[in-house]
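Below you'll find the structure, written out as structure tokens, and then a few comments.
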Number of protein chains: 2
Amino acid sequence: MKPNTVFKRAYNRGLARLGDYAIASDVGSEPSWSQALAVSRTTVRAIFSAFAAGGLIAYDGRRKVLLRHPVAADYYPEVETEQVGAVVEKQFMQWILHGDCKPGQQINALELSRQFGVSASAMRDYLNRFPRYGLLERRPSGSWVFKGFTEDFAEELCEVRSMFELRSALRFVSLADEEPAWAELSRIGNDHLALLEEAESRFTDFSALDERFHRCINDASRNRFIVGFYDVISLIFHYHYQWNKRHERERNIAAMREHLTYIDALQRRDAAAVTQSCNAHMATARLTLLASIQGVRETPDPGRAWPFPGRLASGERPQTRSRH
Amino acid sequence: MKPNTVFKRAYNRGLARLGDYAIASDVGSEPSWSQALAVSRTTVRAIFSAFAAGGLIAYDGRRKVLLRHPVAADYYPEVETEQVGAVVEKQFMQWILHGDCKPGQQINALELSRQFGVSASAMRDYLNRFPRYGLLERRPSGSWVFKGFTEDFAEELCEVRSMFELRSALRFVSLADEEPAWAELSRIGNDHLALLEEAESRFTDFSALDERFHRCINDASRNRFIVGFYDVISLIFHYHYQWNKRHERERNIAAMREHLTYIDALQRRDAAAVTQSCNAHMATARLTLLASIQGVRETPDPGRAWPFPGRLASGERPQTRSRH
DNA sequence: TTTTTGTTCGTTATGGATAAAAAACGTCTC
DNA sequence: GAGACGTTTTTTATCCATAACGAACAAAAA
């Protein structure tokens with residue numbers, strides 16, 4: 001049956017929100033919470049009931065007054081707040097990128113579902129949604145074949161990416177001055193400068209900035225297929241880089257420099273310079289991705305099981321792979 | 001539970017195959033039938049059991065001898081041989097294309113499933129597979145929004161199609177002589193000539209030929225994203241033209257002429273001519289699709305003249321996008 | 001030995017059940 | 001009367017059951 005992860009996640013966020021109120025004060029109406037937590041009022045009512053049962057609030061006629069502030073023990077464990085779909089996605093991407101499966105290999109959905117600890121239906125559901133990425137293919141018999149996160153895949157991905165990005169960038173140049181994209185681009189440029197200043201300490205924030213930048217450009221295409229394709233890029237890069245931290249700092253700094261050149265060309269509306277800087281950046285991204293794949297594929301140190309912790313223990317280094 | 005449509009379809013094909021045998025002769029082994037009907041031996045055994053139960057064959061030790069030839073009443077109705085997925089797709093595309101559904105409208109999956117006479121699970125399953133076409137979008141709440149088969153959609157589709165097709169065509173030109181694609185292109189060219197000869201009577205066959213031609217070109221890209229994108233094109237065109245037979249003959253003849261020019265340019269490996277003929281054809285295809293959409297959406301005026309010339313009338317600008 | 005058949009087991013496609021969540025609809029209060 | 005609340009109705013997420021289908025294997029026949 002349907003899991004109440006929506007409730008639990010909203011409940012946790014609701015606990016945090018209780019901190020904004022003083023003891024004995026009214027915490028506000030159900031609709032306002034519905035809006036704030038982005039869930040239906042039905043769920044808000046369930047949360048309030050739980051708050052009341054836990055002695056956090058008390059009903060006083062129509063008012064709901066805060067009795068005490070929440071403590072750590074009030075929260076649901078993080079792990080219980082994940083949707084099955086998200087769990088499957090995470091596990092599946094790990095399975096793919098960790099690379100126990102060879103290109104062309106048939107996928108046993110049932111065994112995978114057991115391995116991931118989800119039902120066969122959930123697995124099927126996920127696989128159904130996945131094939132648009134071109135990594136999976138459906139056999140006529142109904143089973144699935146993993147096409148492989150190969151160099152070919154990366155090459156083809158990058159080829160289309162380059163086409164789309166250049167097209168979008170050139171269209172960006174012809175946007176009217178009052179388009180909000182210009183302001184966003186300007187902000188992104190400033191954020192690059194700020195991040196470069198602190199590159200030593202905060203360079204991992206680059207990933208989010210990178211996505212923001214390229215989405216900003218791709219959005220200018222006003223083409224749902226181009227914009228949608230960036231979801232694939234985003235997914236692949238997101239997961240891939242998560243397991244390839246090698247030379248991350250140098251890589252990111254170089255990418256930021258390229259971005260700045262690129263942004264400058266856009267702002268000058270210099271089509272030739274945009275073309276050049278865009279192509280240059282795409283070429284770098286391609287090389288990075290390819291190198292990254294080889295890094296995963298090569299020398300799989302068999303002595304080391306992949307240390308997928310359910311949750312990283314504190315003090316544990318996040319996501320390093322010592323074989324690099 | 002799982003429907004036995006595979007069995008029924010194979011059974012019908014098996015009945016037809018029984019006609020090849022003489023009364024009282026051995027109809028052959030299970031493996032040979034498994035191969036011929038492209039189903040597993042398990043299914044063949046089920047079919048043979050049904051044949052025996054229906055008095056069509058009799059087991060004589062290890063031999064299976066034909067008792068009588070099948071008659072019309074032996075066949076399962078065609079309708080029962082369709083997979084649920086196929087039924088949903090057909091109904092859904094029909095609903096979209098002639099439908100009263102407006103762009104941006106929320107889709108009620110449960111009601112649709114009732115309307116189509118399938119289970120909610122099947123509907124959900126289908127919707128999960130569908131969104132890659134960019135026509136549907138998932139709301140965070142889990143429901144679906146129909147983005148609309150609008151002119152914008154068609155424009156964006158055609159834009160990407162043009163990019164991909166040109167890229168593929170230019171790569172086609174650089175294929176080595178011994179690549180089988182050249183032979184296929186040559187056959188396709190001949191089939192065009194043959195079809196033009198009989199255009200009066202067989203012009204509906206053009207649809208299949210058109211797909212074969214463009215797939216042949218797109219395959220040259222050797223890029224799974226480009227090749228995969230043609231599935232979207234194919235689906236849209238397939239279903240759309242099915243309900244827009246207006247001016248079909250003129251449309252098809254014009255397209256075939258353009259194809260022949262295009263093919264000739266490819267065979268001469270003349271990149272400039274390829275670029276020109278490809279772009280011209282893409283522009284025509286775009287106009288055809290747009291007109292076709294308007295034909296569905298607007299008052300279907302059967303008397304109206306075909307509003308798009310096979311070749312662009314002089315002075316008409318190709319590929320204008322009024323919103324830029 | 002090679003092919004065919006009987007049998008068993010594992011996997012997939014679909015429908016159905018159920019609790020969660022959202023939406024809709026009144027009623028009530030300030 | 002606008003917004004808040006209580007209640008009912010509808011829709012969704014997930015799991016499960018089951019028959020269909022496929023694949024592998026052993027025994028039997030050619």
Side-chain angles (χ1 to χ4, degrees), chain A residues 1-10 26 28-35 37-49 59 61-64 83-88 106-114 117-128 138-144, chain B residues 1-10 26 28-34 38-49 59 61-64 83-88 106-114 117-128 138-144:
Chain A
M1 64 191 162
K2 191 167 183 169
N4 59 350
T5 49
V6 171
F7 165 77
K8 284 175 175 168
R9 201 166 39 242
D26 187 354
S29 73
E30 288 167 9
S32 70
W33 279 70
S34 168
Q35 181 107 37
L37 299 179
V39 293
S40 72
R41 200 162 64 81
T42 306
T43 305
V44 169
R45 285 171 65 81
I47 291 171
F48 278 179
S49 292
Y59 281 84
R62 184 162 272 206
R63 283 165 42 98
K64 292 159 288 288
Q83 303 266 116
V84 173
V87 173
V88 176
Q106 186 161 342
I107 287 182
N108 186 327
L110 196 56
E111 175 167 339
L112 268 192
S113 75
R114 284 191 289 253
V118 300
S119 77
S121 309
M123 197 65 223
R124 176 187 163 76
D125 223 50
Y126 179 74
L127 289 175
N128 260 336
R138 230 189 140 92
R139 279 260 191 83
S141 59
S143 58
W144 300 89
Chain B
M1 65 193 163
K2 188 168 184 169
N4 57 351
T5 48
V6 170
F7 164 77
K8 284 175 176 167
R9 203 166 37 240
D26 187 354
S29 73
E30 288 168 9
S32 70
W33 280 70
S34 168
V39 294
S40 73
R41 201 163 63 80
T42 306
T43 305
V44 169
R45 285 172 66 81
I47 290 170
F48 279 180
S49 291
Y59 280 86
R62 183 161 273 204
R63 282 165 44 97
K64 292 158 289 291
Q83 302 267 117
V84 173
V87 172
V88 177
Q106 185 161 341
I107 286 182
N108 187 328
L110 198 56
E111 173 166 342
L112 268 192
S113 75
R114 282 191 291 253
V118 300
S119 76
S121 308
M123 197 66 224
R124 177 184 163 76
D125 221 51
Y126 179 74
L127 289 175
N128 260 336
R138 232 189 139 89
R139 278 258 197 86
S141 58
S143 57
W144 301 89

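Both backbone and side-chain heavy atoms feed into the values below; hydrogens, waters and symmetry mates do not.
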Looking only at atom types and distance, does a side-chain atom of B:T43 sit under 3.5 Å from a main-chain N or O of B:F7, one as donor and one as acceptor?
-> no
Looking across every strand, which nucleic acid part, if any, lies under 4.0 Å from A:S29 by heavy atom: base, sugar-phosphate, or nothing?
-> sugar-phosphate
Report which part of the nucleic acid B:A46 touches: base, sugar-phosphate, or nothing (heavy-atom distance under 4.0 Å, all strands).
-> nothing
Hey, is CD on A:Q106 packed in by over 12 heavy atoms from elsewhere, all under 6.0 Å?
-> yes
Report yes if at least one side-chain N or O of A:R114 is closer than 4.0 Å to OP1 or OP2 of C:dT11; otherwise report no.
-> yes
Short question: side chain of B:S32, backbone of B:G28 - any donor-acceptor pair under 3.5 Å?
-> no
Which residue lies toward the 5' end of DNA chain D, B:N108 or A:G117, if each is placed at its nearest nucleotide?
-> B:N108
Could you run through nucleotides 19-29 of chain C and give me one letter per nucleotide, 5' to 3': B if any protein heavy atom sits under 4.0 Å from the base, S if only the sugar-phosphate is that close, - if neither?
-> BBSBBB----S
Considering heavy-atom distances to DNA chain C, does B:G28 or B:A120 have its closest nucleotide positioned more toward the 5' end?
-> B:G28
Side chains of A:R124 and B:D125: does their closest heavy-atom pair fall under 4.5 Å?
-> yes
Pick base, sugar-phosphate or nothing for A:D125, based on heavy-atom distances below 4.0 Å to the nucleic acid.
-> nothing
Could you tell me the separation between the OG atom of B:S119 and the CG atom of B:L110, rounded to the nearest 0.5 Å?
-> 10.0 Å
Find the distance B:W33:CH2 to C:dT4:P and express it as a whole number of Å.
-> 14 Å
In the 5' to 3' direction, the nucleotides of DNA chain D bounding the stretch that comes under 4.0 Å of a heavy atom in chain B are D:dT11 to D:dA29
Any side-chain heavy atom of A:L112 sitting closer than 4.5 Å to one from A:N108?
-> no
May I ask you to test the B:K64-B:F48 pair for a side-chain heavy-atom distance under 4.5 Å?
-> yes
Do B:I47 and B:W33 have side-chain heavy atoms sitting under 4.5 Å apart?
-> no
Whichever of B:R124 and A:K64 has its nearest DNA chain D nucleotide further upstream toward 5' | A:K64
Report yes if some heavy atom in the side chain of A:R138 is under 4.5 Å from a heavy atom in the side chain of A:W144; otherwise report no.
-> yes
